[in-house]
*Asks:* 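One structure, as structure tokens, below. Some questions next.
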Amino acid sequence: MRGFARYAALRYYRPPVIPTIAAYRGNLLKTSTASSVLLSRNYSSENEKSFFITTPIFYVNAAPHLGHMYTAVLADAIARWQRLCGRDVVYSTGTDEHGLKIQQAAESQGLPPREFCDSVSSKFKGLFDNVDISYSHYVRTTQPSHQEATLALWNRLIERDFIYKGTYEGWYSTSDEAFLTEDQVKEVTDKNGQTTMMSIDSGRPVEWMKESNYMFRLSHFAPQLSDWLDTKVITPDVHAHGLRSRLKFGLDDLSVSRERSRLQWGIPVPGDDSQTIYVWLDALTNYLTVSGFPDRHDACWPADVHVVGKDILTFHALYWPAFLMAADLPLPRKILCHSHWLSDGIKMSKSLGNVVNPLDSVQRYGVDGLRYYLLRDGVPHMDGNYRDDRAKTCLNAEVCNTMGNLLSRSTGKAINPSQQFPSFNQDVFQALAREDDVLMWKRLHSLPAATKKEYEDLHVYRAIDCIMAHLRDVNGFMQHHQPWQMAKDPKCAAELAVVLHVAMESLRVAGILLQPVIPNLASELLNRLSVPANQRTFSNAERSFPGDSPLGMDTGPLYRRLKS
RNA sequence: GGCGGCGUAGCUCAGCUGGUCAGAGCGGGGAUCUCAUAAGUCCCAGGUCGGAGGUUCGAGUCCUCCCGCCGCCA
């Protein structure tokens with residue numbers, strides 16, 4: 001499909017090969033800088049740290065799904081936005097590869113855990129590469145630098161007396177050889193009226209057990225966490241309410257290790273071969289790993305935005321900042337917590353068989369099409385409802401019709417035989433413009449600022465809405481002025497030029513501002529308008545384009561209409 | 001069971017802080033146009049703002065109770 005064809009030469013964020021330990025140790029940003037071909041470093045403050053945005057690292061017990069993609073795409077839009085504004089960006093994603101479920105899944109496939117992890121992690125990376133996620137760092141909990149970072153954090157927490165030896169109690173499945181949480185077990189009554197607890201997943205009986213392990217003094221941090229949440233660090237705020245009410249009752253200390261006799265696949269506790277570090281302390285430390293910890297890591301620390309799904313908000317908004325406070329490290333600035341995608345109004349579930357495979361959707365809508373749909377309909381404070389008919393109508397109406405057709409109208413030979421992006425003449429514009437036209441022209445000039453506000457408030461869906469509303473107005477402007485009539489009369493050449501300029505200038509600005517959402521389609525649009533590759537930044541959107549330049553090659557419709 | 005969040009047109013959302021007793025886009029119906037990707041434009045229909053009370057001159061917005069969905073705690 002034409003809609004998602006790529007131009008390799010014009011793509012300008014390819015993830016670099018993961019560097020060796022030495023490269024990480026020496027210069028964290030080295031690889032990022034080396035990879036940046038088209039974007040030059042050009043920001044207001046030389047001393048400003050890199051914008052650090054993260055997805056969670058994804059558990060490799062199963063293949064990636066739409067929810068994983070949504071997190072990555074949302075973070076990608078924000079990362080690209082920051083680069084558009086000239087900011088250097090560290091964008092990390094990756095995989096969490098330790099834990100009992102990984103160990104068990106590998107065993108069930110007759111593979112060593114490492115080989116199993118390599119396989120599933122490559123599926124995640126493959127998906128992200130396929131949908132143009134412009135991460136600068138792909139981190140895996142099995143990589144040596146991560147182990148080093150985790151051990152360093154662990155040791156710091158021990159030294160500062162925030163980890164102590166204690167006991168862990170919970171429901172234990174002898175068959176599964178695992179502790180289960182309250183929501184993993186259920187009470188069952190047999191015919192004799194006798195009750196037992198059993199695992200929901202396996203249906204096997206569980207018993208209450210105690211074991212010795214390490215505890216983190218999470219309880220110590222309840223007041224500080226409450227204060228921190230009050231600074232509106234969680235956005236949208238609706239997701240923070242449950243955390244606040246939980247903090248009112250205080251927090252229990254957190255078990256941060258498991259007995260190694262059961263859990264071998266993980267980082268051993270230093271100085272205690274009988275214990276393995278608990279996966280959430282291990283996993284959350286990935287953000288420090290990326291930053292270069294325990295070496296100097298303030299080139300990008302603290303994280304500017306952690307993008308997380310609501311199911312793992314507790315870990316990121318309670319445990320993670322508590323670990324950081326305990327280690328005396330700065331906390332993340334924002335946590336963007338997004339809701340889930342349902343499928344036709346129903347929660348996605350493997351057992352129901354309604355999980356959306358993102359690669360299927362990419363086949364149907366194209367990479368940029370799926371990105372557009374997810375970012376347009378995805379509203380972080382509410383669960384989205386993934387529907388193919390809704391995706392189709394949304395893409396047809398907006399990408400294909402409002403934007404793509406406007407491009408065709410203004411660049412077609414019937415009204416633009418010379419195939420030019422004409423210049424703007426203020427006098428001619430003022431002569432022909434109605435009051436509405438003047439307002440529309442002014443709105444175009446304020447569109448970059450309006451869009452910037454939405455992007456920086458992390459409201460990507462509202463930024464898209466702003467841009468599309470403007471393009472709809474431009475279609476109306478075209479309809480009113482009828483440039484196809486002007487084209488028939490040489491005396492109207494000046495007026496025709498101005499109308500075409502306004503249409504193309506609007507498309508140019510929209511194209512620049514939509515790069516974070518639909519990088520390939522935006523690139524094609526800007527190519528058609530012959531916007532130079534080095535004039536596609538946010539500051540270029542703020543400035544007027546003189547025009548009076550030939551158009552780029554016509555490569556056909558920007559986005560082909562989707563059929564039923 | 002306790003606490004909290006959410007519920008606005010067929011769909012997706014806006015409407016924070018009480019003030020034309022509700023808007024946008026999409027979808028639907030009608031008309032029109034043919035520069036254009038069967039696109040564009042104009043007009044119209046669609047709303048018990050979950051339900052019932054209350055406060056107020058006035059409530060989608062504040063309060064109470066109830067219903068549904070979700071989350072946390074027990």
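Just so we're on the same page: letters track the sequence lines, and every chain starts at 1. Excluded from the calculations below are hydrogen atoms, water molecules and symmetry mates; all remaining heavy atoms, backbone and side chain alike, are included.
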*Asks:* Could I get the full list of ring-ring contact (aromatic ring centres under 6.0 Å, His included) partners for A/Y164, not counting sequence neighbours?
*Replies:*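 Scan of A/Y164 (ring-ring contact (aromatic ring centres under 6.0 Å, His included), adjacent residues dropped) gives none.
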*Asks:* Is it true that the side chains of A/Y386 and A/H340 contain a donor and an acceptor less than 3.5 Å apart?
*Replies:*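 Not at all, the side chains of A/Y386 and A/H340 share no donor-acceptor pair under 3.5 Å.
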*Asks:* Using a 4.0 Å cut-off on heavy atoms, which residues in residues 471-483 of chain A reach RNA chain B? List them by number, or say none.
*Replies:*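 A/R472, A/N475, A/G476, A/Q479 - these, ordered by number, are the residues of the stretch whose heavy atoms sit under 4.0 Å from the strand.
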*Asks:* Produce the list of close N/O pairs, under 3.5 Å, pairing protein atoms with atoms of nucleotides 9-17 of chain B; give distances to one decimal.
*Replies:*
residue	atom	partner	partner atom	Å
B/rU12	O2'	A/D377	OD1	3.4
B/rA14	OP1	A/H381	NE2	3.2
B/rA14	OP1	A/Y461	OH	3.2
B/rA14	O3'	A/R462	NH2	3.4

*Asks:* Would you find more than 12 non-hydrogen atoms of other residues, nucleotides or ligands less than 6.0 Å from A/D230 atom CG?
*Replies:*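 Yes, because the 6.0 Å sphere around CG of A/D230 holds more than 12 heavy atoms from other groups.
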*Asks:* Could you work out which one of B/rG25, B/rC72, B/rU37 sits closest to the side chain of A/E398?
*Replies:*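 Taking heavy atoms from C-beta onward, the closest nucleotide is B/rG25.
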*Asks:* For A/H459, enumerate each residue passing the ring-ring contact (aromatic ring centres under 6.0 Å, His included) test, keeping only those at least two apart in sequence or located in another chain.
*Replies:*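 Testing A/H459 for ring-ring contact (aromatic ring centres under 6.0 Å, His included), a comparison that skips the adjacent residues, returns none.
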*Asks:* Check every strand shown and say whether A/C400 touches a base, only sugar-phosphate, or nothing at a heavy-atom separation below 4.0 Å.
*Replies:*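 Counting heavy atoms under 4.0 Å across all strands, the contact made by A/C400 includes a base.
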*Asks:* Which of residues 217-237 of chain A sit near RNA chain B, with a heavy atom under 4.0 Å from it?
*Replies:*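 RNA chain B contact set from residues 217-237 of chain A: none.
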*Asks:* Is B/rG50 syn or anti, taking syn as a glycosidic angle within 90° of 0?
*Replies:*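 Because its glycosidic torsion lies more than 90° from 0, B/rG50 adopts the anti conformation.
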*Asks:* Does anything in residues 443-454 of chain A form a salt bridge (Lys or Arg N to Asp or Glu O under 4.0 Å)? List the pairs, not counting sequence neighbours.
*Replies:*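 Of all non-adjacent pairs touching residues 443-454 of chain A, those that pass salt bridge (Lys or Arg N to Asp or Glu O under 4.0 Å) are A/R443-A/D473, A/K452-A/E456, A/K453-A/D457.
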*Asks:* Please list all pairs passing the salt bridge (Lys or Arg N to Asp or Glu O under 4.0 Å) test where one or both residues lie in residues 425-441 of chain A, with sequence neighbours left out.
*Replies:*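 Passing the test, one end in residues 425-441 of chain A: A/R434-A/D437.
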*Asks:* Taking ring-ring contact (aromatic ring centres under 6.0 Å, His included) as the definition, give me every residue that meets it alongside A/H481, ordered by chain and number, with sequence neighbours left out.
*Replies:*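 A/F477.
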*Asks:* State, with a plain yes or no, whether a side-chain heavy atom of A/V362 is found less than 4.5 Å away from one of A/V131.
*Replies:*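 Yes; the side chains approach each other to less than 4.5 Å.
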*Asks:* Give each protein N/O atom lying under 3.5 Å from an N/O atom of nucleotides 27-32 of chain B, with the pair distance.
*Replies:*
none

*Asks:* Of all the nucleotides listed (B/rC72, B/rU37, B/rC70), which has the minimum atom distance to the side chain of A/P557?
*Replies:*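 Closest nucleotide among those given: B/rU37.
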*Asks:* Taking RNA chain B as the partner, which of residues 497-513 of chain A come within under 4.0 angstrom of it by heavy atom?
*Replies:*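 Close to the strand, none.
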*Asks:* Which ranges of RNA chain B pair up as stems, where a stem means three or more consecutive Watson-Crick or G-U pairs with both distances under 3.5 Å?
*Replies:*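 Correct response: B:1-7 with B:67-73, B:10-13 with B:23-26, B:28-32 with B:40-44, B:50-54 with B:62-66.
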*Asks:* Mind running a 4.0 Å heavy-atom check of residues 406-433 of chain A against RNA chain B and sending the residues that fall below it, in number order?
*Replies:*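 Result for residues 406-433 of chain A: A/S408, A/R409, A/A414, A/I415, sorted by number.
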